[in-house]
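These notes concern the structure reproduced below.
Heads up: numbering here begins at 1 and tracks the sequence.
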Amino acid sequence: MNRSEPLDHLEHLDKELVEELARVARVTVREELREQTRKQRRTAVLYGASGAAALYAGGAVALAVGLALAIGLPGWAAALITAALMAAVAYALRAGAHSAGRGPHPPHRVVGGTPPVAPPGGLGMPYPPIPKDPPRTPADMDDPHR
């Protein structure tokens, strides 16, 4: 008597259960992804609106600085000075962004140290090790003066 015969009538139940579980998992994952997408879309819209408002605020500040300088200078000089100030601010912000993105890194060379055993890529030694003594041949072993 085959032991699987009494369980053969349950085989279709296993398939149906697996299909039902897969369907429930798909629906659950789809709903979760939809909810996360909705939250991320809202966050992205708020960041975009914030950037646009900051752009207009920067333009208003530049205009105010230019008008203040135009009181004592010709208009073209005030505009030129304002443009130079805005370029300096942009450069400082860019430098701050670059330095914030990088963490401390190890120095390229260690003064007084020894070179690493293997290259940083982890692919083994870059070249074979140099032996301390030159290789010896059988002829060298016969001659005691070598």
Side-chain angles (χ1 to χ4, degrees), residues 2-4 7-8 10-70 73-146:
N2 191 352
R3 297 184 86 186
S4 64
L7 300 177
D8 284 342
L10 297 177
E11 186 174 304
H12 72 281
L13 292 177
D14 289 341
K15 289 180 183 178
E16 290 176 10
L17 181 62
V18 167
E19 290 173 5
E20 179 68 19
L21 286 173
R23 189 187 64 76
V24 169
R26 280 193 300 270
V27 169
T28 304
V29 168
R30 190 176 299 131
E31 289 174 1
E32 182 64 29
L33 288 174
R34 189 175 295 133
E35 181 66 26
Q36 287 179 2
T37 303
R38 191 176 304 127
K39 288 178 183 177
Q40 289 176 350
R41 187 178 301 131
R42 182 176 184 271
T43 303
V45 166
L46 290 175
Y47 273 122
S50 170
L55 182 67
Y56 284 120
V61 168
L63 179 64
V65 168
L67 290 175
L69 289 172
L73 297 171
W76 66 268
L80 187 62
I81 292 172
T82 303
L85 287 173
M86 296 306 293
V89 168
Y91 186 77
L93 291 172
R94 179 182 172 272
H98 278 282
S99 66
R102 296 183 185 150
H105 56 82
H108 298 291
R109 200 178 320 184
V110 179
V111 177
T114 59
V117 177
L123 298 175
M125 299 187 81
Y127 45 83
I130 300 173
K132 292 184 180 10
D133 299 324
R136 299 189 61 156
T137 64
D140 294 335
M141 293 179 190
D142 294 339
D143 187 9
H145 298 293
R146 285 194 179 184

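Thr82 contributes a side-chain N or O that, together with a main-chain N or O of Ala78, makes up a donor-acceptor pair within less than 3.5 Å.
When each of Leu80, Val65, Val61 is paired with Leu85, the side chain to side chain contact (heavy atoms under 4.5 Å, CB included) condition holds for Val65 and for no other.
Note that CD of Glu35 and CD of Gln40 are 11.0 Å apart. Values are rounded to the nearest 0.5 Å. Atoms CZ and OG1, on Arg41 and Thr37 in that order, are 6.5 Å from each other to the nearest 0.5 Å. Distance check: Arg30 CZ to Arg34 CZ gives 7.0 Å after rounding to the nearest 0.5 Å.
A salt bridge links Arg23 with Glu20: the distance from a Lys NZ or Arg NE/NH1/NH2 to an Asp or Glu carboxylate oxygen falls below 4.0 Å.
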